[in-house]
Every structure is written in structure tokens, then in C-alpha cells.
Amino acid sequence: MNDLFEFSAEEQTGHTSQKNWIVLSVEDNQPYQDVLESALQEITFDGRKIELLKASSAASAATILSKREDIGLILLDIVMETDDAGFYLIDTIRNVIGDELVRIVVLTGQPGVKPHDKAISEYNISEYWNKTDLSADKLKSVVVSNLRTWQISQELKIARRGLQMIVDASRALTARQDTTEFAHTVLEEIARVINVPDTGGIVCIVKSGIESLQLAPIVAASSHFRELMDARLETIFSLYNDERKMRVEKAIFDAWQSQQHVFENDFTLLFFDTSEHDGRQYLMLVDSPYSLDSNHLNLLQAFAENISSGFINQALMNKLSQLAYLDTTTSIHNRNWLARELNQQSSFQLNNSSLVLFRLLDYDTAEMMAGHENATKMFKTFCNFIKNQFPDHYLLAVWNKETIALVFTLENKPSPDALQKIRTTPMEMDELDIQLQFQVGSIDFRDTQSLNLAEVLVLADTALGKARSLGINIYNFDYELIQRLANRMRVLSALKSALTTRESFFLVLQPKVELATGKPIGFEALLRWRMEDNSLCPPSEFIPIAEASGLSLEISEMVLAKTIETIQQLQQAGYALPVSFNLANSDVVSPLIFNEINRCIDEHDIDASLLDIEVTETQATEDYTVINPLLRSFIDKGVGVSIDDFGTGYSSLSQLADLAATTIKLDQKFVNDLTAENSEKTLHIIQMIARLAERFDFKLVAEGVETEEQRQLLIDNGYHHAQGYYFAKPMPIEQLLNWLSQKIH
Ligand code: C2E
Ligand code: MG
Ligand code: MG
């Protein structure tokens, strides 16, 4: 470190600048200040004069100091308004203003008053002088050496800040930062570090083994080189006279050959090698309008080492991000990249953008028929085609193996007509015109504002899937659909986490009663889910979502376990009545749940007749051949099977005879319609169902009875049992036990 900042003997090496060195004299002795001023007036070094600012009290000095950053040296008298006013000032400078660097030379007129050593080290006082000992020459050397030291520490501070920025820059590699941008930052920082604001610089990429160095592309350029951006290295020479051109050219060649930095007084060549990671080498020419002194050269050298690791980091990061953000088959950015890019958009930009997905149809078939390689080739052709048809996009990425995503601003978003047109435009593959079928889905980000980006992307997938199943080729995901899907997604993720503990789920029980007497004959277990905000999510909302997401088995198992528990609780309280539970549609076909039911009955030693399985009419009839034998085996075991919502799928009436069931539950829609206008048809249906039930020996329960009138009508038409708010609402077990005790005892 020491030799790095050794002072050079001669003073002319530095560049000239208009700026003066600023010295502040704090002194209540006016004549002495005038002496100082005239002594300092003569001094010039580094081509700069000395300007003396004068303060006659500690207070006025503090004011000046708080306003200026360019004061390098303070000549300070200690005894002023008070005996130690000077010390207070030093304290203020170091601890209040927070200037650690300004040099402070204490001058005193009283030979006896010398600041003690503690004060010297504590306040970082540079020197202490007795005024009478300070000749004009001595003063000059004290001032010059202190100002130099200040300048160096100032530069170090800037360099340190610069280094930090470089390190930060190479660490905080964001999406937009690539090597070029990094090189730009470096050029800017160099100008700052060597304190020459109009330093010009270029960075070019030289590949090892390139034919001619002259042709190396310039990837970053600053100041007077700015217009050379993207040009070739050779163009740089047009800016120089012959002499300089020769020197620079030779140095460039030397730097490249020796793979070393080359430092000259008026320009510097820095060489950076990242070829191990990305096959690149960089040459950076720093062209200073002034000769750089050795301090600056040293600084630059120290800086170069840091930049070097910055370049390597950058190259590594580039490589990493290439791996992480590139679709390897097409060499187009992938979906992760797109997500990252979109994340970096301002919300204003995003709300003015639209994501458009182009999905190749029948990709899987193509892959099966023509092989993977041909299928990817087809997809590549497709990607190129889309890319060329819509050059106005601002982001483009491969979404999945058959879909490409483009992002447009709203004004550039392709119109439905344009989309329709290109759907029939042939593409060229292997010099043949081919016609590929594809589907388009678009989503405007302004419609998705309640969602985070990850959700939007999942949603886009879901929506495209929906469009696919509907056979729609050009599909705009509208606001309402997005909100609906968004809500589903939120419910799903909450559901997933709730299912890990099962604590927020509980059963409510609704009595089934004798219509004539209101006496309970059994109960239906209905699931409730208390969400985090304490509200109850209705099963009609979360069960379908669970089913669509493969979570229904998990739910059915939980409901089964809780139902068994309920049966035991009721039994313990003296109520040996059957409890039915609902099976989700998708679980009925799964032997898993039936095995589980068997296991539970055996394990808990439950009387099979106390358990009743509710399956919907649609389930029972749709997968009739699979389900019927399974249900039959339960019936044989004594377990009840109820056909829920009966009557909503009329077709089943003909299969009724064979249906493996013990009970049918008349759908509440009929009960409701019974008391509405034009109820003759309904009446007819419920009569017919009652007759069929009787004939095939099914128990019959009417659902959703809410009024006395309905109860009466049902009795009149051959119904004996029912369930509904008129008798009791679904309730938690404690409440049910209460209700039962009033009903029965
Ligand atoms: P469901 O099996 O037909 O259940 C009857 C529904 O009607 C229950 O709604 C019940 O609270 C309601 N209900 C009872 N009496 C009346 C009445 O007088 N008037 C009216 N308007 N409604 C009445 P809930 O509990 O909201 O359940 C809705 C559906 O969700 C159930 O229809 C069932 O399909 C499903 N579900 C409920 N619990 C579960 C479960 O544990 N597993 C499965 N897979 N599905 C369940
Ligand atoms: Mg039910
Ligand atoms: Mg029902």
C-alpha cells in the first residue's frame, strides 16, 4: 500500500485543472490571517493555486465547513472565543459534520498550550505547530504535504466507493445487466476514480484466435469515443494523429499478445480474460486527455484487478443465466426468463402490456408419428414464423415444448383479424410450405392486477387449457374469467396448506327425520372449512376445486375418519343412528377409498349399518359397471348406500332396478319446485319416484324441506323421510347432541 501512494517528487506530472486547493484558516487574529494569506498566495502545485477561506471563530468555521466539501486543510487556532473553542470545532468536524478526511493542522500562539497526545489521536489532528516556529517555507511544505495527503485520501475514498460499485454491480447482476452494460459501468467508474471526468474509453471483445485484432467489435464506449459503439477496433485510429495512432496501436497489440495491462502516461490498456467461461477476452482502452500521475496509475492498476474479477463474475453469471434462462432445444429464452423480465417491468409498463401465447396443436401426435427431432424442428419453424409475423413484440420466450409466448404493448397487440390471417398462412420448413395448426390465447395484464405474476402465469396456462378443451382457437382471457380462476387458485393454495394439518376442517351434522313425527332417523355429515380469515368456505366452492386438483381423495379420507369419530361419539351418547358422508365424484371410481372404508370399519369395530355412503346419481350411473359391484359389496356388508341428488339425471330412472343402493335422496330442487308455480310436472315426477322407490325397495329421503307446506305435500305423495332446514340445520356435534336430547328425551 505504501509504495502505491508514494508522493512523486516533481509537481508537474498531474493534470491541470481550473480548481484551486481550498484551505480554511480559523483564527481570531486578523493580522496573522493576512500573513497566512499572502504566504499561501505564492504557492502553486499540481497546476492549482491555493485559495484561503477565513473564519474568525469556531462557529463561523463550522458554518463554512458544513457547506463545502472541497476544503482539504484547516489551519486552526485553538484559543479563540474560549480557551478550547478550537477543540470543540474539531469535535464538530469529525463527529457532527462527519468529515474524516479534512486535514487539521493546529497552530498556536501560546507555546505552552499544546494539545495533548490523546486529543491528537482522538481528533485525528495531523500536525501541531507553534506559530512562531512556522517560517514561510515551512508553512508552504506543511500545506502542500497535507493537501496532497488529503487528495490521496479523497481519491481513495472515491476509489473505494467506485470499487464498491463495481463489486455491487457484478454482484447484483440483474436481468438487464450483461457484459456490455458492465463494461459501461466500468468505464464510468474509471473516469471517476482517476478524477478525469471526460476520460474517453472503449471496451472491445477480442476472441482468442481471431484473424485480425482490428476487427474486434467495440461493445462499450464512453465520452469522445461514444460514437464508436458497435464499430470495429480499427475505427479508433481515425481519431488519432499518426504519432499517437502508432503508440496506441502498438500498445493494443502488446496488451493482447502479452495478455497484460499496459500503462502509459496518457492512456491505459487493460486486458481481461474470461475465455475460460465464455471464450471472451476484453481490451479496455482508457484514453485520458491529461497525463496521469503515478498515483492515478496505481489506483487504476488496483482498480483493474477488481474489474477483472468483476468481468469473470459477469461471465460466470451470464453462463449460469444462460443455463437457467434458455430453452436448450430452440436456444430461445425460456419461461423463467420471461417471468424474470416481466417481474422487472414497472406496473405502468405491465398494465400496458399483453401476454399472447401461441400453442402448436397436436404436438404430441407429431412427436409420436415423426419422432422427437422432427417435432422440435417443427416447433422451431413455428417459433420463427411467429417471431417474424409479429416483430412488434418486446419479449419473446418459449413457454413450454409446444407454446411460444410473446409480450406486446397494448397498442402493438395483434388484432383478432391479424391472428386469424396468420393462422392460414403457410410456414416454410425444409424449403417446403407447411401449414401448422395453432391456437392463440391472450391475457392483458391490467385484468390481472389482483394477482402476482407467478399466479398470472399459472392462470395463463389454465386458461389456455380451458380454451383447448373448448376447441377455441383465438381466445382472449377476459377479466371475469381471470378473476374466477384467480380465486380458484387462491382457494387451492389455501386448501393445500389446510389439508396438511386438517385442523381447520370440521363436520356438521344434519338430521334426517321422519316426516310425520320429526323424529331423527340418521344424520348426514357435511364438511366445513374455516379459512384463515375465520370465514367458512362452502363445500360447493372448495370440493370441486379439490376434485380438479387431485385433492379429493385426501378430503374423502379425512371426512371418513371424522365420520367414524362422530359415529362413536353419538354411540357413546346413546344414539345408535346411521351417519352418511359424501364421497367426491372422482373418488367413487377409486378402489382406494373403498379399501379405506373397509379398513376403518374393521379397525374401529364399527357396526357397519351405522355408516352410510352418499354418492351422486351421476356418479353411480356413469361408471356403473365399475361402481355397482363395489357399492354392492358394501351393501352386502351392511353399509348403507344413498344416491344423492336423485332425479337430476333422468336417464338413471331406467337403471334404477339394478342400482346398488339402499336409499335414494330426492334432490332438493324438486322439493323447492313443489311449492312454486306450475308444480304439476314436479308433482308428477316426485310421485313417480316414490312409486319406483317403493317398487324396488329403496328408502326415500326428500332433501331441502323448508316449509310445513312442503312437508305436508311430501307426506301426501308417499314420502316418509326428509332432511331440511324446516327440521334442523346442519350443526356441530355438541349442538346436535343438545338438539337430540330435546327431541328424544
Ligand atoms: P348434498 O350432499 O346434497 O348436501 C345437502 C346440502 O343441502 C348441504 O349443503 C345442506 O346444508 C343443504 N341443505 C340442507 N337442508 C337444506 C334446506 O332446507 N334448504 C337448502 N337450501 N339447503 C339445505 P352444503 O353443506 O353446503 O353442501 C353442499 C354440497 O357439498 C353437498 O350437497 C355435497 O355434494 C357437497 N359436500 C358437503 N360435504 C361434503 C363432503 O364431506 N365430501 C364431499 N365430497 N362433498 C361434500
Ligand atoms: Mg349429500
Ligand atoms: Mg343432495
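Both ligands and their constituent atoms are indexed starting at 1 by order of listing. Start at 1 with the first residue, then count along the sequence.
Taking only non-hydrogen atoms, the option from A584, S552, P730, S556 nearest to atom 44 (N) of ligand 1 is A584. Across the listed options Q668, K562, E547, E706, Q668 owns the non-hydrogen atom lying nearest to atom 22 (N) of ligand 1.
Of the N or O atoms in S540, none lie within a sub-3.5 Å distance of an N or O in ligand 1. Checked by distance only, ligand 1 and L527 come closer than 3.5 Å through their nitrogen or oxygen atoms. Considering backbone and side-chain atoms together, D644 places an N or O closer than 3.5 Å to an N or O of ligand 1. Where the criterion is an N or O separation shorter than 3.5 Å, residue side chain and backbone included, G724 fails it with respect to ligand 1.
Checking side-chain atoms of Q449 against main-chain N and O of R446 turns up a donor-acceptor pair under 3.5 Å. Side chain of H393 to backbone of F390: a donor-acceptor contact under 3.5 angstrom is found.
In this model, no donor atom of one side chain and acceptor atom of the other lie less than 3.5 Å apart for T675 and E709. No side-chain donor from either of N473 and Q439 sits under 3.5 Å from a side-chain acceptor of the other. Between the side chains of T376 and N374, no donor N or O sits under 3.5 Å from an acceptor N or O. Q510 and Q723 are linked by a side-chain donor-acceptor pair at a separation below 3.5 angstrom, with hydrogens and angles left out of the test.
Taking 4.0 Å as the cut-off, Q723 does not count as a neighbour of ligand 1 on heavy-atom distance. Every heavy atom of P538 sits 4.0 Å or more from the atoms of ligand 1. A heavy-atom separation below 4.0 Å is not found between K665 and ligand 1. In this structure, E703 is part of the shell of residues with a heavy atom less than 4.0 angstrom from ligand 1.
Against a heavy-atom cut-off of under 4.0 Å, Q510 is close to the following atoms of ligand 1: 14 (C), 15 (N).
If you check which protein heavy atom lies closest to atom 18 (O) of ligand 1, you get Y725 N, 2.8 Å. In terms of protein heavy-atom proximity, atom 35 (C) of ligand 1 is nearest to P539 CB, 4.3 Å.
Aromatic ring pairs are classed by plane angle as parallel below 30°, tilted from 30° to 60° and perpendicular above 60°; the pair F594 and F634 is tilted.
Rounded to 10 degrees, the OD1-metal-OE1 angle spanning D645 and E703 at the Mg ion (ligand 3) equals 100°.
With a 4.0 Å cut-off on non-hydrogen atoms, K729 does not touch ligand 1 at all.
Within the 4.5 Å cutoff, the side chain of L666 has heavy atoms near those of the Y719 side chain.
For the Mg ion (ligand 2), the nearest N, O or S atom contributed by D644 is named OD2.
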